[in-house]
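So the structure is just underneath, and the comments pick up after that.
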2 protein chains.
Amino acid sequence: MGLHPHSASCRAREILDRVGDKWSLMVIAMLGERTRRFTELKRDIDGISQRMLTVTLRGLERDGIVTRTVYPVMPPRVEYSLTPMGATLMEAANTFVAWAESHIDAIDAARAEYDSRAAELEALKKTS
Amino acid sequence: MGLHPHSASCRAREILDRVGDKWSLMVIAMLGERTRRFTELKRDIDGISQRMLTVTLRGLERDGIVTRTVYPVMPPRVEYSLTPMGATLMEAANTFVAWAESHIDAIDAARAEYDSRAAELEALKKTS
DNA sequence: CGGGATCCCGTAGGATACTG
DNA sequence: CAGTATCCTACGGGATCCCG
């Protein structure tokens, strides 16, 4: 199985759409360490808004990746954690993150070279 | 290494932003099979526009994931293929795709249960 | 054939205010 | 504390036309 064109895109894309958005992986990473409360996540995930944290958590909960536990007290206390499936997703994501970390330098280099080459071509156009 | 919150998101997110968009993985999958020409990709990737194919290929080329080879003939002939780094990226992506394929049923089930439960709660509100 | 240049729209997602 | 409800904008991405 794997990334052959017609299975890869069709269903796997849905999953990528869920987990590949701006915040999901970050939330999963935080919950991979330990169970956390809403405000705790909001504080520790730099730049996320209440709205997006809620939306992200709801989506992950709906897909069975995180659990939401409400304690009926005042003030409210809600805890989030990874499901077993969520934990396996995190491991799968780790493979990708590892790839990214070990190739980030090569990518930066490729970008720099591409950009300088593009700038060169731009300079040539003015000469002609 | 891996998906711990503060290394994972910061740089790995950039990579995810490149490869997690609507078309990149699909293009990589196609080029993973073999070298292809622009029009060939456009024909085989269902629903992609010229513009997005161009934009996607440029981005992947810039990051050193695909190579672009121009043959100076009329009519023009341009071939795209994966770089060695692109090939390793495809393998890393395969891990994720494999996860998605083996959990898609569980996710569908989780969604169905979540939705029916939500509908139930909705019904209760009308009673009260 | 393989694009570049424009125009245009839907939506992801930020800011802010309110609530049980 | 843990959300929900609105409003609003930036931008991803489609459609279309043109060009070497």
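Naming convention: chains lettered A, B, ... in sequence-line order (proteins, then strands); numbering from 1 in each chain.
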For [X] and [N], what is the distance between atoms [atom1] and [atom2] respectively, to the nearest whole Å?
X	N	atom1	atom2	value
A:Leu53	C:dG14	CG	P	11 Å
A:Gln50	C:dG13	CD	C1'	13 Å
B:Leu57	C:dG4	CG	C1'	14 Å
A:Arg36	D:dA2	CZ	C1'	17 Å
A:Ile48	D:dA2	CD1	C1'	14 Å
B:Arg51	D:dC17	CZ	P	17 Å
A:Arg77	D:dC1	CZ	P	11 Å
A:Met52	D:dC7	CE	P	19 Å

Sub-4.5 Å side-chain heavy-atom contact between A:Asp63 and B:Tyr114:
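A side-chain contact under 4.5 Å is absent here.
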Measuring only between side-chain heavy atoms, which start at C-beta, is B:Glu40 closer than 4.5 Å to B:Tyr80?
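When only atoms from C-beta onward are counted, B:Tyr80 and B:Glu40 do not touch, as no gap falls below 4.5 Å.
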If you look at every strand shown and take non-hydrogen atoms under 4.0 Å, does [X] touch a base, only sugar-phosphate, or nothing?
X	answer
B:Pro75	sugar-phosphate
B:Tyr71	nothing
A:Arg37	sugar-phosphate

Out of curiosity, B:Ile107 CD1 to A:Glu14 CD, how far, rounded to the nearest 0.5 Å?
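One gets 8.5 Å once the value is rounded to the nearest 0.5 Å.
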Approximate separation, where rounding is to 0.5 Å, of B:Glu61 CD and B:Thr67 OG1
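Going from the CD atom of B:Glu61 to the OG1 atom of B:Thr67 covers 8.0 Å.
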Does [X] place a side-chain N or O at less than 4.0 Å from the phosphate oxygens OP1/OP2 of [N]?
X	N	answer
A:Arg58	D:dG3	yes
A:Arg68	D:dG3	yes
B:Lys22	D:dG14	yes
A:Tyr80	D:dC1	no
A:Thr39	D:dA2	yes

Residue A:Thr54, side-chain atoms from C-beta onward, closest of D:dT16, C:dG13, D:dT4
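So the nucleotide nearest the side chain must be D:dT4.
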Would you kindly compare A:Asp21 and A:Met74 by the position of their nearest DNA chain C nucleotide and give the one closer to the 5′ end?
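The residue closer to the strand's 5' end, by nearest nucleotide, is A:Asp21.
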First encountered from the 5' end of DNA chain D, between B:Pro76 and B:Gly47:
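Going by which nucleotide is closer to the 5' end, it is B:Gly47.
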Kindly give the heavy-atom pair with the smallest separation between A:Leu25 and A:Ala93, and that separation in Å.
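Distance-wise, the nearest heavy atoms are CD2-CB, 3.8 Å.
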